[in-house]
Peer 1: 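Sending over a structure as structure tokens; questions will come in a sec.
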Amino acid sequence: MLVLVAPGQGAQTPGFLTPWLDLPGVEDRLREWSAAIDLDLVHYGTKADADEIRDTAVAQPLLVASALVSAGQLFPAAEDFSRLVGAAAGHSVGELAAAAFTGVLSERAALELVRRRGLAMAEAAAVTETGMSALLGGEQDVVLPHLEKLGLTPANVNGAGQIVAAGTMEQLAALAEDKPEGTRRVVPLKVAGAFHTEHMAPAVAALEAAVAELAPADPHTRYVSNKDGAVVASGTDVVRRLVGQVANPVRWDLCMETFQELGVTALIEAAPGGTLTGIAKRALPGVKTLALKTPDDVEAARTLIAEHGGAVATAAE
């Protein structure tokens, strides 16, 4: 069974969209989306520097757009997706891409919502200087109490020995000086705020207003939620979870447990892939993984789909 996943914030690098623009129709599609959300995705994906694309209001739409563009090379129509993919999920902002993959939102609606999400989260992040750091190694039952002692939130519980802490810069500095026992490294992330924490509460209210205009469809393919790893069969419930998820931890570890329970045999990560396949290699032994980094990876992805796609059931199962 094949799972398709979309990465979260921090996966972006300068110029990562450049090779994708060589594919037929991609630049036109990106320019159409750019006009719809008043953000030049082509510029930011090809010419902007690391600081420019670190901006939450830029990074989030850029990541969703790149995931949609790359997945579109593999599954040109919704019928192809629902016939071949057993489940889909996204990490943090990647959940907006997964909502479009599975037909809950149209691509344009997903991009319009992620634009509003990025702006709202950037505004919330500007109130206090906050950030996020990844802890590599260490046991969860040791790391979590240590973070609580420092006043930090385990914003991403990713599995495979990786937890992301979020809080003020002072709290993160204290963590760097006082790592939990068993933790090999503490790595600051390329994000501009303490996402998935109480610091994002103002963004939740903004998103609640934004989604009032939406008419989500029920997913045509199983949608696995960051909140608790559950398979969500209601489009309305997917959108409700997308709103609340902004200020609550990402439980990617539980998503991967669900993939296992569903019988995953292969996992493809949409562009800019690499982070989630790296975690899957450690947490899902025996599962074939492939990261879509450039169009050069598309042919290998199609081969993997041919070998593992098609073992699907209904979205409600």
Peer 1: Quick one: list whatever passes salt bridge (Lys or Arg N to Asp or Glu O under 4.0 Å) with Asp228, sequence neighbours left out.
Peer 2: Arg241
Peer 1: Considering non-hydrogen atoms only, spot the tightest contact between Leu292 and Ala301 and give its length.
Peer 2: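 The answer is CD2-CB, 4.0 Å.
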Peer 1: Does the side chain of Met121 come within less than 4.5 Å of Val93's, by heavy atoms?
Peer 2: no
Peer 1: Is it true that Arg117 and Glu95 make a salt bridge, defined as a side-chain N closer than 4.0 Å to a carboxylate O?
Peer 2: no
Peer 1: The criterion is side-chain hydrogen bond (donor to acceptor under 3.5 Å, both in side chains); which residues satisfy it with Arg54, sequence neighbours excluded?
Peer 2: none
Peer 1: Can you name the residues that form a salt bridge (Lys or Arg N to Asp or Glu O under 4.0 Å) with Arg240, not counting sequence neighbours?
Peer 2: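 Here the qualifying residues are Asp237.
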Peer 1: Same cluster or not: are Leu150 and Val164 linked, directly or through other Ile, Leu, Val, Met, Phe, Trp or Tyr residues, by side-chain heavy atoms under 4.5 angstrom apart?
Peer 2: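 No, no single cluster joins them.
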Peer 1: Distance-only check: which donor-acceptor pairs under 3.5 Å involve side-chain atoms of residues 255-266, not counting sequence neighbours?
Peer 2:
from: Thr258; atom 1: OG1; to: Gly229; atom 2: O; distance (Å): 2.4
from: Thr258; atom 1: OG1; to: Leu254; atom 2: O; distance (Å): 3.1
from: Thr265; atom 1: OG1; to: Met1; atom 2: N; distance (Å): 2.6
from: Thr265; atom 1: OG1; to: Met1; atom 2: O; distance (Å): 3.3
from: Thr265; atom 1: OG1; to: His308; atom 2: ND1; distance (Å): 2.8

Peer 1: Taking all atoms of both residues into account, what is the closest heavy-atom pair of Leu105 and Pro216, and its distance?
Peer 2: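 Closest pair (atom of Leu105, atom of Pro216, distance): CD2-CB, 4.4 Å.
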Peer 1: Can you list, pair by pair, the side-chain donor-acceptor contacts under 3.5 Å of residues 153-162, counting residues two or more places apart and other chains?
Peer 2:
from: Asn158; atom 1: OD1; to: His91; atom 2: NE2; distance (Å): 2.8
from: Asn158; atom 1: ND2; to: Gln162; atom 2: OE1; distance (Å): 2.6

Peer 1: So which heavy atom on Pro7 is nearest to which on Glu269, and how close?
Peer 2: CB-OE2, 3.3 Å
Peer 1: Is the shortest side-chain N to carboxylate O distance from Glu299 to Arg302 below 4.0 Å?
Peer 2: yes
Peer 1: Output every pair passing ring-ring contact (aromatic ring centres under 6.0 Å, His included) with a member in residues 102-126, not counting sequence neighbours, ordered by first then second residue.
Peer 2: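 Pairs touching residues 102-126 that pass the test: none.
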Peer 1: Identify, with sequence neighbours excluded, every residue that meets side chain to side chain contact (heavy atoms under 4.5 Å, CB included) alongside Ser66.
Peer 2: Phe16, Leu17, Pro272
Peer 1: Is it the case that over 12 heavy atoms from other parts of the model lie below 6.0 angstrom from the CZ atom of Arg185?
Peer 2: no
Peer 1: Is the closest basic N to carboxylate O distance between Glu27 and Arg31 below 4.0 Å?
Peer 2: yes
Peer 1: Would you name the heavy atoms of Ala203 and Val246 that are closest together and state the gap between them?
Peer 2: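 Reported closest heavy-atom pair: CB-CG1, 3.9 Å.
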Peer 1: Name all residues meeting the ring-ring contact (aromatic ring centres under 6.0 Å, His included) criterion together with Phe101; count only those two or more places apart in sequence or in a different chain, and write none if there are none.
Peer 2: Phe81
Peer 1: Tell me whether Leu207 shares a hydrophobic cluster with Leu63, the cluster being built from Ile, Leu, Val, Met, Phe, Trp, Tyr side chains joined at under 4.5 Å.
Peer 2: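 Hydrophobic grouping puts Leu207 with Leu63.
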Peer 1: Indicate yes or no for a side-chain donor-acceptor contact from Thr197 to the backbone of His199 under 3.5 Å, with no hydrogens or angles considered.
Peer 2: yes
Peer 1: Considering non-hydrogen atoms only, spot the tightest contact between Ala270 and Ser70 and give its length.
Peer 2: CB-OG, 3.6 Å
Peer 1: Check Leu267 against Leu2 and note the closest heavy-atom contact, atom names and distance.
Peer 2: N-CD1, 4.4 Å
Peer 1: May I have the step-by-step check of side-chain contact (heavy atoms from CB on, under 4.5 Å) for Trp33 and Val64, ending in yes or no?
Peer 2: CA-CA 11 Å; Trp33 291 340; Val64 171; over 6 Å; no
Peer 1: Are the charged groups of Glu107 and Arg29 less than 4.0 angstrom apart, N to O?
Peer 2: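 The answer is yes: the pair qualifies as a salt bridge.
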Peer 1: Considering residues at least two apart in sequence or located in another chain, which fulfil the side-chain hydrogen bond (donor to acceptor under 3.5 Å, both in side chains) criterion with Gln12?
Peer 2: none
Peer 1: The criterion is side-chain hydrogen bond (donor to acceptor under 3.5 Å, both in side chains); which residues satisfy it with Asp253, sequence neighbours excluded?
Peer 2: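 With sequence neighbours excluded, Asp253 shows a side-chain hydrogen bond (donor to acceptor under 3.5 Å, both in side chains) to Arg251, given in chain and number order.
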Peer 1: Asp49: what forms a side chain to side chain contact (heavy atoms under 4.5 Å, CB included) with it, not counting sequence neighbours?
Peer 2: Asp51, Glu52
Peer 1: Shared ILVMFWY cluster between Leu30 and Trp20, side chains joined below 4.5 angstrom?
Peer 2: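 Per the 4.5 Å side-chain linkage, Leu30 and Trp20 are co-clustered.
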Peer 1: Could you list the cluster mates of Val187? Members are the ILVMFWY residues connected by side-chain heavy atoms closer than 4.5 Å, either directly or through other members.
Peer 2: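 Noted: Val187 shares its cluster with Leu136.
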